[in-house]
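Heads up: the structure comes next, in structure tokens.
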Amino acid sequence: MAAETHTVTHAHDPSALRDQAVRAAVGQGLLDREPVVCLLDVAGIRASAAALADAFAAAVAPGTPVLHTFAVKAAPLVPVLRLLAGAGIGCEVASPGELALARAAGVPAERTVLDSPAKTPAELREALALGIAVNADNRQELERLDALVAAAPTRSPLGLRINPQTGAGAIDALSTATATSKFGFPLRDPGARERLVRDFLERPWLTRLHTHSGSQGVPLSLIAEGVRELHALAEEINAAAGERRIDTLDIGGGLPVNFTSDEHTPGWAAYVDALRAAAPALFDGSYGLVTEFGRSLLAKHGLVLARVEYTKVTGGRPIALTHAGVQLATRTVYAPAAWPLRILAYDAKGAPRTGVPVAQDIAGPACFAGDLLATARELPELAPGDVIAVPDTGAYFFTAHYGYNSLPRPAVHGFTADGPGGAIRFALARPAQSLAEIVAEAGGAFGDALL
Ligand SMILES: *Cc1c(COP(=O)(O)O)cnc(C)c1O
């Protein structure tokens, strides 16, 4: 109970909890063993899971089945999947590896959805044997499902992923509903809609429609437009079938995250409002709903801490050489304009650094010039031994490791406060990759293979 009170207290001031966690991490020596560690705010993740469930529970007609799944690619860590499972959230998986993680976390088949664009026959067969929901991406995959369904009965709910072709958001690489996107069955190509209706009429076992219009950078109105198209197609198919053939709409994920402050905006309430505005009948209980959020559940609850190893001034520019770089912020390093991150400065004891802001480059440890988390960023001047914190990194950053320079995957610790203002407790959720593991994964056991 005390822990919950504490969460509420900090919910109003996330920076206070973060400062406390940084001080505790430094004080408890987490950065003595390794120069970079990653933290996850366990209570924060629980609070986001509850906020998601509440936003939909408040919107749907009583009795509407709603399954929230977590897009595993956002944070593929078994302890995270199990934490979310405890909050009733299943898994959206898109590879055999992600399915293995979901199963290792104990997520049941009924709460698992398989969505990838290039599923092999073996993957499809396993998913149908397990009873996992599958959304087929394309016509050739649908033909594979035809054969599998004819060969053996399955409990798997089966659907098609639709590309509503509603257009791109601000980040092309993350926009999945463009006219030529690689994902799903196109809806607006000539003849496509009629063909889709026929596909459903010919296959009584096809009961779901799925769409996911994209991630960060896609405005809520565009996501909602895609869902409106999905709902309209379901109504058309059901009218043609003369029954409620489609019983479930999987509306994907994609709620963007605010990377510029501690505010959780836009949030699920705004998302639900946008859906209600675009497709008023969506929540009337005619369809069960599945969601697949990733970034919005985890991003705000992750924090990277890294030691400043050296500082220098080059061409008049102060540069801090730290241990956080491309290995854990790959998108920021390669596409800095699309993926800006905040950087917070702490001293060697983990206290917030004060002082006149100076424009500094925050560099990572990798051997290429572009390995910068921030350029000309105004921060109190950093010194060797200081610590930088990089908030909002709980999804797609340190959980999507990039093995450049054989830099190890850093450790991930969950943290929880013992009551209001109480001590911070850390729990190791993933150890740092060891040098032995790096050698093994680099073919260490096959040293003579090319001789
Ligand atoms: C990546 C992905 C998601 C999750 O997207 P977020 O922006 O992290 O919410 C959901 N569904 C599918 C099919 C995806 O590819």
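Quick caveat: nothing in here was measured; it's all calculated off a predicted structure. For ligands, and for the atoms within them, numbers begin at 1 and follow the listed sequence.
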Against heavy atoms of G253, which atoms of ligand 1 measure under 4.0 Å?
9 (O), 10 (C)
Look at K182 together with D137 and state whether they make a salt bridge at an N to O cut-off of under 4.0 Å.
no
Which atom of V134 lies closest to which atom of K119, heavy atoms considered
CG1-CE, 4.0 Å
Could you pull out all donor-acceptor pairs under 3.5 Å where a side-chain atom in residues 41-63 meets a protein atom, sequence neighbours excluded?
| residue | atom | partner | partner atom | Å |
| --- | --- | --- | --- | --- |
| D41 | OD1 | A43 | N | 3.2 |
| D41 | OD1 | G44 | N | 2.9 |
| S48 | OG | H301 | NE2 | 2.7 |

Is any side-chain heavy atom of V26 less than 4.5 Å from a side-chain heavy atom of Y346?
no
Is any N or O atom of K73, backbone or side chain, closer than 3.5 Å to an N or O atom of ligand 1?
yes
Please work out whether any backbone atom (N, CA, C, O) or any side-chain heavy atom from C-beta onward of A74 is under 4.0 Å from ligand 1, and answer side chain, backbone, both or neither.
neither
So, are R208 and D250 salt-bridged, with charged N and O less than 4.0 Å apart?
no
Ligand 1 to R161, heavy atom cutoff 4.0 Å, flagged ligand atoms 13 (C)
So for F183 against ligand 1, with non-hydrogen atoms under 4.0 Å, the contacting part is neither
Under 3.5 Å, N or O to N or O, is R295 touching ligand 1 that way?
yes
Give the atom numbers and elements of ligand 1 that come within less than 4.0 Å of a heavy atom of G254.
5 (O), 6 (P), 7 (O), 9 (O)
Would you say R161 and F183 make side-chain contact, with heavy atoms under 4.5 Å?
yes
Quick check on contacts: which atoms of ligand 1 are under 4.0 angstrom from a heavy atom of F293?
9 (O)
For ligand 1, which atoms have a heavy atom of Y396 less than 4.0 angstrom away?
1 (C), 4 (C), 5 (O), 6 (P), 8 (O)
Centroid-centroid under 6.0 Å between Y402 and F397 rings:
no
Checking heavy-atom distances from atom 7 (O) of ligand 1 to each of A75, S215, A94, P117, the winner is S215
Once you round to the nearest 0.5 Å, how far does OG1 of T211 lie from CD of Q165?
10.5 Å
For ligand 1, which atoms, with element, lie under 4.0 Å from some heavy atom of A71?
3 (C), 4 (C)
Should L209 and I237 count as side-chain neighbours, where that means a heavy-atom distance under 4.5 Å?
yes
For ligand 1, is any non-hydrogen atom under 4.0 Å from E292's backbone (N, CA, C, O), its side chain (CB onward), both, or neither?
both
Could you list the atoms of ligand 1 found under 4.0 angstrom from a heavy atom of D115?
13 (C)
